[in-house]
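Written out below as structure tokens is the structure these notes cover.
In the text below, chain A, chain B and the rest are named by the order of the sequence lines, each starting its count at 1.
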Amino acid sequence: MGVKTDLWQDTILQTMDGGTIPVWYPWAALLTSVISQEFGQVTETTYTSYTRQLIQYVWYWDTGGWSSAGDLTFPTCTGGGPITVTHLGIYTGLLSGDLRYVFPLETPRLIDAGTTPVIAFYDLTVNET
Amino acid sequence: MAAKTFAWANRVNKTMAYGTGGNTPVAAWTPWIALLTAAVDQSWQVGTVVETTYTSYARTQMAGLAGPISGVVNNIAPVSFPTCTGGGPQTITHLGIFTASTAGELRYVIPMEAPRVVDSGVTPVFQIYDIRLGEW
């Protein structure tokens, strides 16, 4: 189950004080360590050919949560491994952007040359309330 | 600590660009505090609460927010409601945060640490940092 970063929580609360939340594009990232998910201190994987992936299929629950509704396939590793991915991060941009959610993986995944990381249907889930 | 209603959580979620009903920005809004006499689990999440009805009661705008810091805001000025002139006693169990002075959308519910009884002559007041609104 994913959790929001403090930065994202504060952004939501600031709507009470003149702030707004524009539409944003959720980009999924593979993380190899999370020092502080609250403060967004994470390390993103660096394997060769890696890029963040846009989450294009989202299922919004009626009860305040959301899930990814399609498989999320990352580029096949062509070098730089082995690297262990422990969490997923959801950013607002492809190359930089704010980190808004951190999801621990149920089981860490080892990525090495030839591995194509796939995050399956509904593996990303947030309960907002 | 406060919790969000489903409606507000859904609204925040749907700021994401994709998915059915997504792609909807959230505008700035003004929080109005309401005194609630009942907010039953499951019901308040869909916006069903009971607001106090004592004579002269009105919601109060929550102005002077500290933060947010780490997902929490506090009131940095006392929040005062009209003095009860009748209709009591009523027991306040929760605070509700609405988007308008009347009607509006319920977005957060905050349980009181200790229920407060409001009767004639009582002016409900919440001191600085008494109202702690969290976002998780």
Are B:Tyr129 and B:Ile131 in one and the same hydrophobic cluster, where Ile, Leu, Val, Met, Phe, Trp and Tyr link if side-chain heavy atoms are under 4.5 Å apart? no
Evaluate B:Trp8 against A:Ile12 for side chain to side chain contact (heavy atoms under 4.5 Å, CB included), listing each step before the verdict. CA-CA 10 Å; B:Trp8 177 223; A:Ile12 296 168; 3.8 Å; yes
Do B:Trp32 and B:Ile92 sit in one hydrophobic cluster, given that two such residues count as connected whenever their side-chain heavy atoms are within less than 4.5 Å of each other, even indirectly? no
Keeping the roles fixed (side chain from B:Asn10, backbone from A:Asp62), state whether a donor-acceptor pair exists under 3.5 Å. yes
With B:Val26, which of A:Thr20, A:Thr11, A:Ile21 fulfils side chain to side chain contact (heavy atoms under 4.5 Å, CB included)? A:Ile21
Would one find more than 12 heavy atoms of other residues, nucleotides or ligands at under 6.0 Å from atom CD1 of B:Ile69? no
Which atoms of B:Thr24 are under 4.5 Å from chain A, going by heavy atoms: the side chain, the backbone, both sets, or neither? backbone
Of the listed A:Val58, A:Thr15, A:Asp10, A:Leu54, the one with the largest count of heavy-atom pairs under 4.5 Å with chain B is A:Asp10
What is the minimum heavy-atom distance between B:Pro25 and A:Pro22, and which atoms define it? CB-CA, 4.1 Å
Locate the shortest heavy-atom distance separating A:Leu13 from B:Tyr108; write the atom from each residue and the value. CD2-OH, 3.8 Å
Using non-hydrogen atoms only, which part of A:Trp59 is less than 4.5 Å away from chain B: side chain, backbone, both, or neither? neither
Could you pull out the closest heavy-atom pair between A:Pro26 and B:Ala17, with the gap in Å? CD-N, 4.3 Å
Same hydrophobic cluster for B:Val50 and B:Met112, using side-chain heavy-atom links shorter than 4.5 Å among ILVMFWY? no
Sub-3.5 Å donor-acceptor pair from the side chain of B:Asn23 to the main-chain atoms of A:Val23, do we have one? no
Atom of B:Gly71, atom of A:Gln9 and distance for their closest heavy-atom approach: CA-OE1, 3.2 Å
Of the backbone (N, CA, C, O) and the side chain (C-beta and beyond), which part of A:Ile90 lies under 4.5 Å from a heavy atom of chain B, both, or neither? neither
Distance from B:Leu133 atom CG to A:Met16 atom CE, nearest 0.5 Å? 4.5 Å
Qualifying residue for ring pair (Phe, Tyr, Trp, His ring centres under 6.0 Å) with B:Tyr18, from A:Tyr57, A:Trp66, A:Tyr25: A:Tyr25
Assert top hit (heavy-atom pairs under 4.5 Å, partner chain A, pool B:Gly22, B:Gly21, B:Ala7, B:Ala28) equals B:Ala28
Which heavy atom in A:Tyr60 sits nearest to a heavy atom in B:Met16, and how many Å separate them? OH-O, 3.3 Å
